[in-house]
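Position 1 is the first residue of the sequence; numbering continues from there. Atoms within a ligand are numbered from 1 in the order they appear, just like the ligands themselves.
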Amino acid sequence: MKSADDRTRRPGRSTTADARVSALPSIDRLLRHPAGAALVTRFGRSLTADVLRAVVAARRAALSDGRATEQVEVGEAALADAAARLLAARERASPLPVFNLSGTILHTNLGRAVLPAEAVEAVHRVAVAPSALEFDLETGRRGDRERAVVERLCRLTGAEDATLVNNNAAAVLLCLATLARRKEVLISRGELVEIGGAFRMPDIMASAGVRMREVGTTNRTHPSDFAEAIGHRTALLLKVHTSNYVISGFTAAVPEQVLSALAHDNGLPLMVDLGSGALTDLARYGLPQEPTPMQALAAGADLVTFSGDKLLGGPQAGLIVGRRDLVAKLARNPLKRALRLDKLTLAALDAVLQLYEQPEQLRERLPTLRHLTRPIADIEAQARRVVTLIAAALPGGYAAAVAGCSSEVGSGSLPMASLASAAVTVRATGRGGGSALRALARAFRSLRVPVIGRIAEGSFWLDLRCLDDEAGLVAQLPGLREALETAT
Ligand SMILES: *Cc1c(COP(=O)(O)O)cnc(C)c1O
């Protein structure tokens, strides 16, 4: 680091800086240098030349600024070395895989559900070879890309029919735009949810061209509130599962059975947006109950929408199940074509639904369910193994320990559930603890496979609930000290 003093002593550009700028080699010369030529072999001439140009330009700019002149290296080997680092960084895949030790199982910013091996294999199969995606092998004519998945989904949920789109937000949009365009949709004031990442029910309604009519109050909505609001412009009753919050205390909501009876008495459909619709009864695994599409349909819902990558544990997708005539209307909307699923997602979803057809093995095979139900003793044992290795990898000034914590489900699923878990915590023992912890968090994030933890209560927490690849984590711990030096 240069102090302000150093800078004021060297105003503008000095003669040494001028000399060093003219010492910068040409791109041609760099490409002919053995280190440059090695980069050309590996990365190709045009990309290498581009990056070398950027490196030279950055050095020239640094010298012109008059900053740290003697520290700016202008030798060919040093420039090629800088370019090699940039080129290697460019080669990193994006999005880069990480370790999710954040304590949130379905973390939207970390890609939500991790796919089971069966889904990954299915994606690979259809990625590397042509497939009968929209081709009927029986007749040799055009087929329906969704048919197999829709059949599975109907068997699993008891629905008459189903269709698929890109995500649940798209599912809600398509249903509203198809069934209630320029008409009114009734929704309880207690259910105007925001999911984060710009999904707000009122905004979705507006972009679907639907007039939203709120009924009831934030904490209490009664059947009569809906009954009184139904008029000749009403097209649909909507119930939204408050998947990421609870309203408690003096509350009342209209149950789906009552709402569907009211809707049907008035010749209207009831739509239920479940968000994170679990496809299996989570209570069976000792988890809090989450409403399922099966329950919503049994209660009389005409259309139910839910996500593929929340509790379902599959790829990003929006699943719509319900009445055949309504699904047929959705299929005819041109929006459906714009929101349709691609073959990779279809293949992954099909593989995940196949796992649900064998519920006995679901817990071991579906990573989301495995993470949700992982026994605490198992996580604690892992924390005891890992803590000594982390302690050994840390420089002085840090102390590691095992501590109990609680994981969240995340992604607007089971908002009140907190699952007992175990973490490795690291405390900074010296002064300036806060910045030392931030430096540590940054160092963990800068490892080859970045490790994502969180800072809370004066410690850095690594919740091990979702740590599948323990060997992979341990293998990169020796890099921590160097990462920490770079981070500070
Ligand atoms: C998560 C959620 C959505 C949005 O689903 P995406 O699959 O993220 O598009 C919509 N409604 C509810 C109630 C949700 O929980």
Return a yes/no value for Val172: is any of its N or O atoms, backbone included, closer than 3.5 angstrom to an N or O of ligand 1?
no
Do NZ/NE/NH1/NH2 and the carboxylate oxygens of Arg323 and Asp325 come within less than 4.0 Å?
yes
Within the 3.5 Å criterion, strictly below it, is a donor on His241 or Glu290 matched to an acceptor on the partner's side chain?
yes
Counting only heavy atoms closer than 4.0 Å, does ligand 1 sit against the backbone of Arg112, its side chain, both, or neither?
side chain
Relative to ligand 1, is Gln316 under 4.0 angstrom through side chain, backbone, both or neither, heavy atoms considered?
neither
Determine, for Phe250 and Arg220, whether the Lys NZ or Arg CZ falls below 6.0 Å from the six-membered ring centre while staying within 45 degrees of the axis.
yes
Show which atoms of ligand 1 fall inside a sub-4.0 Å distance from at least one heavy-atom site of [X].
X      : answer
Ala169 : 4 (C), 5 (O), 6 (P), 9 (O)
Ser307 : 5 (O), 6 (P), 7 (O)
Lys310 : 1 (C), 2 (C), 3 (C), 5 (O), 14 (C), 15 (O)
Gly275 : 2 (C), 12 (C), 13 (C), 14 (C), 15 (O)
His241 : 13 (C)

Is the shortest heavy-atom distance from the side chain of Tyr285 to the side chain of Leu362 under 4.5 Å?
yes
Would you say the side chain of Thr486 lies within less than 4.5 Å of the side chain of Ser446, judging by non-hydrogen atoms?
no
I need the full list of side-chain hydrogen bond (donor to acceptor under 3.5 Å, both in side chains) pairs touching residues 256-268, with sequence neighbours left out, sorted by first then second residue.
His264-Asp302
Pairs where residues 154-174 contributes a residue and the test salt bridge (Lys or Arg N to Asp or Glu O under 4.0 Å) is met, not counting sequence neighbours
Arg155-Glu357
Shortest heavy-atom approach to atom 5 (O) of ligand 1 - which of Asp309, Thr305, Asn168, Asn167:
Asn168
